[in-house]
Amino acid sequence: MTGICGAVGDVPSLDVLAEDLAYNGDERVDTFCTDDVGLASVSHPETRIRRPETDGDVVVRVWGSIWGDDTDDGYVTVEEDAETYCARRYREAGIGFLEGLNGNFAGALYDAEAGTLSLFTDRMGTRPIHYYRGDSAESDAADVATPEDSPFVFSTSIQSLPLHPDVSTDFDEDYLTEYFALKRPFGLKTPLTGVEKLHPGSVLTVDVDEGTTTTERYWTPHYDPVDAPREQFVERLAETIKRVVADRTRDDATHGLLLSGGSDSRLVLAAFDALDEPVRTYHLNEWENREARVAERAADVVGAEHTLLERDEGYQSRSLDTAPRFSNFVGYFNQHHAGGFAETFRAECDYLFTGHYGDMLFKGNHLRTPSVDLGPLGSFDLPTGRPIRGLDDFVSERVAPKPTYLTTARSPEDVYYDNVVQRGRTVVDHGVEYLSLREATVCSRYPITNGTSQFFYYATAQMLPAGTPFLDNRLVDLFLKIPPKQLLRGDLINRATDRLSPELASIPHGSGLVPISYPFAAQWTSELARGLVSRFRPHESTQRSDGPWSDHHGLIREHSFVREVIDDNEERIKSLPFLSWEGVKRCYDEHAAGENRMKELYSLVTFLQMPLLDRLGHDVDDRERTSQSGSFVSGDSIPGASSVSRLAND
């Protein structure tokens with residue numbers, strides 16, 4: 001595990017936080033401490049020696065990468081390590097140097113002369129910093145005073161915070177309601193009292209002597225679409241993704257790419273092809289289905305070394321044993337998609353690329369669209385936008401009912417309304433400020449933790465240096481200029497792939513029947529037809545699907561790993577005031593009977609497996625727990641359930 005952590009006050013206890021971030025066992029831990037301030041970074045071992053900045057009166061710790069800087073003299077590529085570069089730029093320009101940084105990072109900077117500790121994140125908050133300030137919760141104001149003796153502790157892993165003796169926290173039931181119902185609390189909020197996330201694109205500065213804090217935001221998304229031909233956006237996307245991949249690659253490194261049969265990772269592969277850069281590709285699946293064959297075909301076209309990594313029947317069960325420790329209350333365990341093959345990636349790659357967030361930026365999947373319900377055949381969305389009209393419309397798009405097992409007093413809708421306000425044109429949603437309701441809608445993944453798939457991004461970065469080229473400032477800036485119709489129907493990803501590598505564009509999407517170079521209407525129709533047909537196609541195993549993901553709905557019914565975790569935690573569930581044992585039984589039984597309760601069940605078992613519960617004092621003596629033969633399901637097991645329970649991790 002990797003990240004940064006620190007404290008103002010009880011510095012010796014910093015070691016326990018840093019140790020908790022070192023998961024793989026070979027991480028490099030760099031600690032700096034004075035009598036009043038402690039900082040630590042935990043990073044993967046690197047082929048190039050990196051010396052953290054500790055010289056002079058400025059100390060910096062950074063988790064992540066800084067690729068470039070948009071300075072007064074133009075955009076420059078950053079060749080220095082992140083700590084050295086940030087310290088130098090801070091001495092030159094003060095904390096305002098953050099405005100031009102391009103990268104995915106979280107950082108801490110201690111200025112001994114000024115007596116300040118500054119925490120900062122990149123524009124999108126891709127690597128969130130969680131901080132604790134006792135009973136003081138930050139308001140929306142820029143300057144917030146806190147008591148001088150109030151503890152201040154921070155970490156990129158929320159579950160590590162209670163290990164520090166100055167942190168006294170427990171569950172906040174309002175935001176816990178959002179986690180279970182919406183699969184994450186939005187904005188800056190967390191389910192722990194006294195704990196918030198740093199605002200994206202901001203710097204929070206602590207006066208070490210006085211205990212006061214100030215927050216300054218250095219970037220806010222402004223959606224300003226321009227009326228330009230589609231091909232102009234395609235050209236810019238193709239050339240920019242090529243430059244971005246070029247900036248991420250090194251001649252002395254081996255690069256890997258998680259390659260699906262879809263479009264986003266294929267565009268990344270097209271950039272490698274256009275640059276004539278070698279890359280190893282990997283596809284994850286239960287079997288060599290059509291999706292896997294399409295991915296292999298794409299790799300063969302560009303001559304990439306390709307590996308099919310097959311998930312066996314115990315893969316998700318093992319993930320449930322290990323992935324919950326990476327949870328920051330965003331998403332659930334199975335989104336650590338590649339975690340079971342961590343040792344393969346670490347042995348074969350210096351850096352692992354993904355196509356993550358390509359659809360978020362350039363396919364408009366964050367925009368509101370009308371849905372067509374075909375009853376037993378399912379439903380589908382039409383590729384046309386529908387405007388959000390007012391806060392009521394905005395909230396209705398975000399909220400969902402509580403799971404049957406959650407007994408908190410307030411509804412998700414009531415909690416959400418208490419956390420969103422419109423002041424003139426400005427919208428403040430769970431502490432995050434947007435210029436207007438349009439930005440709050442179009443830029444809904446600001447911060448990135450507003451989307452549950454951030455679990456995949458965060459957990460993958462724990463295995464080895466990894467990331468997506470799509471979260472580059474230059475691509476985000478391009479996205480903010482594209483009209484909704486081009487995002488929804490412009491087919492920008494596929495057309496950019498065609499521009500960079502026509503051979504790759506001659507291959508169909510894994511979900512379609514025609515090459516991705518074909519017109520959007522032909523692709524959309526073929527994908528819709530295949531999706532409807534695949535609903536009724538039988539497979540040898542219920543965990544198999546035609547796509548890249550496991551059939552989790554069938555997996556829960558066929559195998560017992562979810563039931564076993566619930567059984568193991570019966571006493572814990574009964575002891576927590578916000579959970580109902582009868583509700584848990586009903587939720588599971590409904591899924592076993594054919595209803596879809598996968599997300600509710602996966603959120604629950606992820607929560608139950610978090611180390612955090614023991615750290616908060618919600619542990620239950622093993623002698624008081626029921627055995628794995630717990631009887632809330634009638635009979636000895638589910639019909640067809642595997643006797644194989646959670647196995648050791650790969």
Side-chain angles (χ1 to χ4, degrees), residues 1-33 37-45 52 61-64 105-108 117 119 121 126-134 151-171 190-198 319-333 336 339 342 346 449 454-455 457-466 606-619 649:
M1 200 165 176
T2 55
I4 59 172
C5 58
V8 175
D10 187 352
V11 174
S13 297
L14 177 64
D15 288 345
V16 70
L17 269 69
E19 290 170 4
D20 193 55
L21 295 181
Y23 174 72
N24 296 315
D26 59 356
E27 292 92 344
R28 173 174 174 165
V29 180
D30 293 309
T31 304
F32 171 85
C33 292
V37 177
L39 307 176
S41 64
V42 180
S43 56
H44 296 294
R61 292 292 182 269
V62 172
W63 176 43
F105 55 83
L117 170 67
L119 308 182
T121 68
T126 62
R127 298 172 186 243
I129 296 177
H130 308 85
Y131 63 93
Y132 172 83
R133 293 191 301 162
F152 187 93
V153 184
F154 71 91
S155 176
T156 48
S157 169
I158 193 172
Q159 294 193 65
S160 69
L161 288 176
L163 294 172
H164 193 283
D166 282 347
V167 175
S168 177
T169 184
D170 209 329
F171 291 116
T190 80
L192 297 186
T193 57
V195 178
E196 288 203 347
K197 293 192 285 277
L198 194 64
S319 181
L320 181 53
D321 268 344
T322 57
R325 73 162 297 163
F326 300 134
S327 175
N328 282 322
F329 288 98
V330 178
Y332 24 82
F333 78 93
H336 189 18
R346 285 159 58 83
T449 50
Q454 198 266 348
F455 195 126
Y457 174 90
Y458 179 85
T460 303
Q462 305 302 329
M463 299 190 300
L464 76 165
T606 300
F607 174 79
L608 294 172
Q609 293 288 83
M610 290 183 192
L612 177 70
L613 273 73
D614 289 345
R615 295 170 184 181
L616 292 178
H618 295 295
D619 55 320
N649 192 31

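The distance between the ring centers of W63 and F154 does not fall below 6.0 angstrom. For F171 and H618, the gap between ring centers is short of 6.0 Å. Aromatic ring centroids of Y131 and F152 lie under 6.0 Å apart.
Closest heavy-atom contact between I129 and G107: CD1-O, 3.8 Å. Of all heavy-atom pairs between V29 and A18, the closest is CG1-CB, 4.1 Å.
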Query - Residue pair N24, L464: steps toward the side-chain contact (heavy atoms from CB on, under 4.5 Å) verdict - result: CA-CA 9 Å; N24 296 315; L464 76 165; over 6 Å; no
**Report entry** Worked verdict on T449 versus N328 for side-chain contact (heavy atoms from CB on, under 4.5 Å)
**Finding:** CA-CA 9 Å; T449 50; N328 282 322; over 6 Å; no
Report task. Please test Y23 against S157 for side-chain contact (heavy atoms from CB on, under 4.5 Å), starting from the C-alpha separation and ending with a verdict. Result -> CA-CA 12 Å; Y23 174 72; S157 169; over 6 Å; no
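The CG atom of L163 lies 9.5 Å from the CD atom of Q159; values are rounded to the nearest 0.5 Å. Atom OG1 of T2 is separated from atom CE of M463 by 11.0 Å, given to the nearest 0.5 angstrom. Here the NZ atom belonging to K197 is positioned 7.0 Å from the CD1 atom belonging to I158, to the nearest 0.5 angstrom. Atom OG1 in T606 sits 5.5 Å away from atom CZ in F333 (nearest 0.5 Å). Expressed to the nearest 0.5 Å, how far OG1 of T190 lies from NE2 of H130 amounts to 7.0 Å. Expressed to the nearest 0.5 Å, how far NE2 of H336 lies from CG of L320 amounts to 12.5 Å.
Proximity of a side-chain donor or acceptor of Y132 to a complementary backbone N or O of S168 within less than 3.5 Å is detected. S13 contributes no side-chain N or O that, together with a main-chain N or O of P165, makes up a donor-acceptor pair within less than 3.5 Å. Distance alone, capped at 3.5 Å, is enough to place a donor-acceptor pair between the T169 side chain and the T193 backbone. Formation of a donor-acceptor pair under 3.5 Å by the Q454 side chain with backbone atoms of T126 is found in this model. Under a 3.5 Å cut-off, the side chain of R127 and the backbone N or O of T121 do not form any donor-acceptor pair. The backbone N or O of S43 lies less than 3.5 Å from no partner atom in the side chain of E27, so there is not a single donor-acceptor pair.
A salt bridge is absent between R133 and D166; no separation between the charged side-chain nitrogens and carboxylate oxygens falls under 4.0 Å.
Under the 3.5 Å distance criterion, with hydrogens and angles disregarded, no donor-acceptor pair is assigned to the side chains of D26 and H44. Defined by atom type and a distance below 3.5 Å, a donor-acceptor pair is present between the side-chain atoms of S155 and S160.
Using a 4.5 Å heavy-atom cutoff, the side chains of L612 and L192 are in contact. R325 has its side chain within reach of D20: a pair of non-hydrogen atoms, C-beta onward, lies under 4.5 Å apart. Here the side chains of S327 and F455 are in contact, with some heavy-atom distance below 4.5 Å. Between V42 and I4 the shortest side-chain heavy-atom distance does not fall below 4.5 Å. Considering only heavy atoms from C-beta on, D321 comes within 4.5 Å of Q609 through its side chain. A heavy-atom distance below 4.5 Å is found between the side chains of L14 and T31. Counting heavy atoms from C-beta outward, C5 and L21 have side chains that approach closer than 4.5 Å. Residues R61 and F32 meet the side-chain proximity criterion, which asks for heavy atoms closer than 4.5 Å.
Below 30°, between 30° and 60°, or above 60°: for F329 and F607 the angle between ring planes is between 30° and 60°, a tilted geometry.
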